[in-house]
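Remarks on the structure that follows.
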Protein chains: 2
Amino acid sequence: MTTERGSATIKDVAAAAGVGIATVSRVFSGTGAVSDRTRERVLAAARELDYRPSALGRGLRLRRSGGIGLVVPDVTDPFCAGLVDGVLACARSLGEHLVLDAAHGDPAREAEIVDRLVEQRLDGVIALPAATGSGEGWRAAVRSGARVVFADRALPGLHEIPAVLADDRSGVRALVEYLVGLGHRRIAFLGAAAPGAAAGVRERAFRDTLAELGVTPDEGLIVSARPARDSAYAAAAGLLQRRTDVTAVLAAGHLLGEAAVLVARELDLRVPADVSIAMVDDVPWAELCDPPLTVVARPAYDMGYRACEMLLRDRPRRAAGPVLLPTELVIRGSCGPPRSPRTASSRATGR
Amino acid sequence: MTTERGSATIKDVAAAAGVGIATVSRVFSGTGAVSDRTRERVLAAARELDYRPSALGRGLRLRRSGGIGLVVPDVTDPFCAGLVDGVLACARSLGEHLVLDAAHGDPAREAEIVDRLVEQRLDGVIALPAATGSGEGWRAAVRSGARVVFADRALPGLHEIPAVLADDRSGVRALVEYLVGLGHRRIAFLGAAAPGAAAGVRERAFRDTLAELGVTPDEGLIVSARPARDSAYAAAAGLLQRRTDVTAVLAAGHLLGEAAVLVARELDLRVPADVSIAMVDDVPWAELCDPPLTVVARPAYDMGYRACEMLLRDRPRRAAGPVLLPTELVIRGSCGPPRSPRTASSRATGR
DNA sequence: CTGAAAGCGCTAACAA
DNA sequence: TTGTTAGCGCTTTCAG
């Protein structure tokens, strides 16, 4: 009867099989050559003892843990979840495990997490970094030897860190073109207020595309909210109440889109008859909505997968600039021609 | 100029600070006493070298990695995501990191994952185990020394593994009582087909409650689907087309609920005028739906948090039976009185 | 093909 | 208060 304390070690197996520990190691690490007879004996002994090689021992010796880290703002966010899923898939295919944590947009917390990940001697870490903060935590991580790849968002000062992003510019452009094509001129932009520079991409694309199409952006229709439900709702409500002349709203994220939908319902605005709504990011509820929401889908899963590949395979990749993944305009039922087609009457539309 | 290969070690820091490695260890592990002057020197040297203690070395010595494992069916499922979030919160508060993986309902894959987690010498692993399969992987994990706690679902043969579950029985009961109270008699049950025994809880609660209320369960109204979108949709469509007399459907999960909503819309059934819909599991879209869906909310976050606590704090906890967390009936707008109120005419309600 | 031995970076006695 | 030393479980020369 084996009264083990803790789990069996390579030494136990060696003893039980009557071989040296090196042989056991060879059997389990697949290295070197072992005769079939010996291998069988070792395997039998191991099975008997419920032996599992310790990743700790191996990791120490190999100086790598065989895992990667992933830090996202929030695992319950469908976009983040998709990203995690992609990373998980790639990591698994490469035989790595995943250490996950959520920073909830707090740079300090993020820095703590990164520190912790660095201590784990992970083979690399992928991050959808917090928009605020200096990114000093990331710089420090790189200094102490960590390999880092950003996903979905790159940080202003950190161009030495490779990144895989969605082509938001094209996505927003496609959406604006679609809306303008439908006849909309007074399109509102519901954006996220990000102290960092990166977040402005969508808003800039919005303005630029509008201008290119000969529509002068109306500053009063461009509002932004903090990335939280209440703030998003307040922004949407403020906008839709203040400006009854908007015919379409482009929400720059699913939280903003949710707010727009809720507010429209609250205000008894029919979609798309009274107001068209579209948003960036495809999420499950977009299809369940009535009418289903037209969106710009961003490849969350692919971004995760790609980031992981980049981290683990294309190691030397660097200054080539961020990888941009294509977005897709998914037209559903939430956008239509503007309320009062200028073809019918040209009287002021203010209600 | 320090041209380090890999990261600095405790030895490097000791040398740079002119102290012994034990002192450095004391400074970083918080153990023992170190004079302020020495501590400062050590810290300065460490900072200079960008030193981070290696969790690998420490883990090997301490024979624990300071992390826990979590395996769920699918990280993109909102319920799972909530669970992960809860585990993350608790783990973080206890200073542990989280190794996450998804088994996608495949017992073989799950077994692989568990194997891998055991090798990591985690302090424990939490699982929302696959419904199918023998659970042999879990038994083996326990044998080789892993501490395991189940969340959301326990496995039939594994009563020695503690579990924290939602009180589904009460949840379904409350929902059925509510529906019957509204006047419904022909209530359909859309369940998930689970070869394992555990999944039957909701269906059993459905039947029992109905019976207690004097309503004979109609076998033709109890259907089940595989836990996938297409299967759920097919089941819902089949049901609603075949049985035009149902006045309410109780979906046993959010995928099923989604299917019911979609099918009802497809069939031009107004909710709740033509048919009432309610489901188990609260998810973001339930509120965005029109009308918002009445649901039984199950405490995903709490279950994760609790499971983690149980794993890390209440270590001896065992045979006391599973911990049941309360569910909550969230009444929104998707349920109303049945189509043809029996108060109007008393003609036979039999199909 | 196999075994003995030397560490990987760290903590914990034990001495000083 | 501090340094020395002996491993934790594993891989990997280097001999045999």
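Note: hydrogens, waters and symmetry copies are ignored here, and every other heavy atom, side chains too, is used. Every chain is numbered from 1 and lettered A, B, ... according to where its sequence line falls, protein lines coming before strand lines. Everything quoted here is computed from the prediction, not taken from an experiment.
Computed from C1' positions of five pairs at each end, the angle between the two local axes of the helix from dC1(C)-dG16(D) to dA16(C)-dT1(D) equals 40°, rounded to 10 degrees.
Base engagement by Ile10(A) is indicated by at least one non-hydrogen atom pair under 4.0 Å involving a base atom. Among the heavy atoms of the strands lying under 4.0 Å from Gly57(B) is at least one base atom, whether or not backbone atoms are also near. Here Val24(A) lies out of heavy-atom contact (under 4.0 Å) with every strand.
In this structure, Leu60(A) places its CG atom 12 Å from C1' of dG7(D), rounding to the nearest Å. For Arg52(A) and dC10(D), the CZ to C1' distance is 17 Å, given to the nearest whole Å. The NZ-C1' distance, from Lys11(B) to dT4(D), rounds to 13 Å in whole Å.
With sequence neighbours left out, the ring pair (Phe, Tyr, Trp, His ring centres under 6.0 Å) criterion links Phe150(A) to Trp138(A).
Of the listed nucleotides (dC8(C), dC10(D), dT2(C)), dT2(C) has the atom at the smallest distance from the side chain of Ser35(A).
Looking at Leu88(B) and Val75(A), their side chains come closer than 4.5 Å, going by heavy atoms from C-beta outward.
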Measure all distances between protein nitrogen or oxygen atoms and nitrogen or oxygen atoms of nucleotides 12-14 of chain D, and list the pairs falling under 3.5 Å.
none

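Dashed line: the shortest gap from a side-chain N or O of Ser54(B) to OP1 or OP2 of dC8(C) is not under 4.0 Å.
Residue-to-nucleotide proximity on DNA chain D shows that, of Thr9(A) and Thr38(B), the 5′-proximal contact is made by Thr38(B).
Tested against Val27(B), the residues Ile10(B), Val42(B), Thr38(B), Val19(B) include a single side chain to side chain contact (heavy atoms under 4.5 Å, CB included) partner, Val42(B). For the salt bridge (Lys or Arg N to Asp or Glu O under 4.0 Å) criterion with Asp123(B), the lone passing option out of Arg63(B), Arg147(B), Arg64(B) is Arg64(B).
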